[in-house]
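For reference, the structure is listed below as structure tokens.
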Amino acid sequence: MPELPEVETVRRGLIPLVVGRRVLGVTVRERRLREPIAPGGLRRLRGVRLTGIERRSKYLLFGTDAGLTLLVHLGMTGQLCVCDRGRPRRAHEHVVLRLDDGRELRYADARRFGMMRLLDSEGLHRHPRLSGLGPEPLGGSLDAAVLHRATRRLTKPIKNFLMDTRAVAGVGNIYACETLHRAGIRPTRPVGRLSRAAWEAVVGSLRQVLHEAIEAGGTTRRDFLNAEGNPGYFAVSLRVYDRAGKGCGRCGAVIKRIVQAGRSTFYCPRCQR
DNA sequence: CTGAGCACCTGAGGGC
DNA sequence: TGCCCTCAGGTGCTCA
């Protein structure tokens, strides 16, 4: 489900539902996530008040009045939603936080590639998954000139570079493909051979496509659920991703699928050079 | 340094 | 109808 726009959509949807709420109880039904939940690892959540939700890359950070932060990653299939206590359990609901308004925050994740961990401010600060992240694509720190200068000697394909979280945070497979189509750049191009102007196009396209997806409610895939647990819909129209064999909307050429670093890449062989 | 390959898991979809 | 195969939004490891 979640790339950055989906995670941001979940964040925005959850804020009015959970911020200000006190956690009355925590149930962990399945601790074997990608990073297993330690026994009692979420126990200290009981009694705290949730004070805000931040996002870093595809991680959600739930702040609390106890100085603890609940770090959540949705992996490939993770879902977070707030619902009434009586709502029937869905499959793979691994963690439930009981809130003081009679509702529950539920974490479900079929493939269990996600994570959920409670950290104090020190643990959060030095957490390797967060400390190694590159600049946020939607923050002010992503800079085409800096990227251009930093990549002069690199031969890695631009698509793989975009998906390297140490270089740029939070760019997944879908938006890497979509960004490069908009920028008119072939995914296999070595980063070291991108001109300054090409970098401007990449950064501009990345920001644009992420903004559009967030504006549209972040829905790119079928199993997206919004914060109230209702299914989303295909609100974002993808121009190349999962469109192999179909026509490019800009030039009509047939979109190709290749594999890079084990992931599918989709691109238009005519308008991406 | 690079990237290929694999690992973690379940489920959807296509072909037969 | 069902079985078997491939593939999937993420991340992180080993290995060559």
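Chain letters run A, B, ... following the sequence lines, proteins first, then strands; residues in each count from 1.
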*In dot-bracket notation, what is the pairing pattern of DNA chain C, taking Watson-Crick (N1-N3 plus N6-O4 or O6-N4) and G-U wobble (N1-O2 and O6-N3) contacts under 3.5 Å, with [ ] crossing and | for other strands?*
.|||||||.|||||||
*Decide whether T77(A) and D109(A) meet the rule of one side-chain donor and one side-chain acceptor closer than 3.5 Å.*
yes
*Does OP1 or OP2 of dT10(B) have a side-chain N or O of R112(A) closer than 4.0 Å?*
yes
*asked:* What I want to find out is whether R182(A) reaches E178(A) closely enough, with some N-O distance under 4.0 Å, to be called a salt bridge.
replied: no
*What distance, rounded to whole Å, do you find between the two P atoms, one in dC6(B) and one in dT6(C)?*
13 Å
*Can a donor-acceptor pair be found between the side chains of R257(A) and S264(A) at a distance below 3.5 Å?*
yes
*Just checking R129(A): base, sugar-phosphate only, or nothing, at a heavy-atom cut-off of under 4.0 Å?*
sugar-phosphate
*Starting at CG of L33(A) and ending at P of dT11(C), how long is that distance when rounded to a whole Å?*
15 Å
*Is any NZ, NE, NH1 or NH2 atom of the basic residue among R87(A) and E104(A) found under 4.0 Å from an Asp or Glu carboxylate oxygen of the other?*
no
*Salt-bridge test for R55(A) and E136(A): reply yes if a basic N is under 4.0 Å from a carboxylate O, no otherwise.*
yes
_Would you measure the distance from the P atom in dT10(B) across to the matching atom in dT1(C) and give it in whole Å?_
25 Å
_Quick one about R106(A) and Q79(A) (side-chain donor to acceptor, distance below 3.5 Å, no hydrogens or angles considered), yes or no?_
no
_Say we look at dA4(B) and dC7(C): how far apart would their P atoms be, to the nearest angstrom?_
16 Å
*asked:* In this structure, how many angstroms lie between the P atom of dG11(B) and the CG atom of D109(A), rounded?
replied: 11 Å
*Protein-nucleotide distance (H73(A), atom NE2; dT11(C), atom P), rounded to Å*: 4 Å
*With under 30° as parallel and over 60° as perpendicular, where do the rings of H94(A) and Y107(A) fit, or are they tilted in between?*
tilted
*asked:* Within residues 148-162 of chain A, which residues have any heavy atom lying less than 4.0 Å from an atom of DNA chain C?
replied: none
*In whole Å, what is the span from the CE atom of M76(A) to the P atom of dT10(B)?*
14 Å
*Specify the separation, in whole Å, of atom OH of Y175(A) and atom P of dA8(C).*
17 Å
*asked:* Quick check, does F113(A) stack with dC9(B)? I mean ring centres under 5.5 Å and planes off by under 30°.
replied: no
*asked:* Measure CZ/R263(A) against P/dA7(B) and give the value in whole Å, please.
replied: 16 Å
*So, K156(A) and D164(A), do they make that salt bridge, N to O below 4.0 Å?*
yes
*asked:* Expressed as a whole number of angstroms, how long is the span from E35(A):CD to dC13(C):P?
replied: 11 Å
*So, D65(A) side chain and V48(A) main chain: donor-acceptor pair closer than 3.5 Å or not?*
no
*If only side-chain N and O atoms of H92(A) are considered, is one of them under 4.0 Å from the OP1 or OP2 phosphate oxygen of dG11(B)?*
yes
_Looking at R257(A), I'd like to know whether one of its side-chain N or O atoms comes within less than 4.0 Å of OP1 or OP2 on dA8(C)._
yes
*OP1 or OP2 of dG11(B) less than 4.0 angstrom from a side-chain nitrogen or oxygen of T77(A), does that happen here?*
no
*asked:* If the condition is ring pair (Phe, Tyr, Trp, His ring centres under 6.0 Å), which residues does F161(A) pass it with, not counting sequence neighbours?
replied: W199(A)
*Mind calculating the distance between CG (L71(A)) and C1' (dG10(C)) to the nearest angstrom?*
14 Å
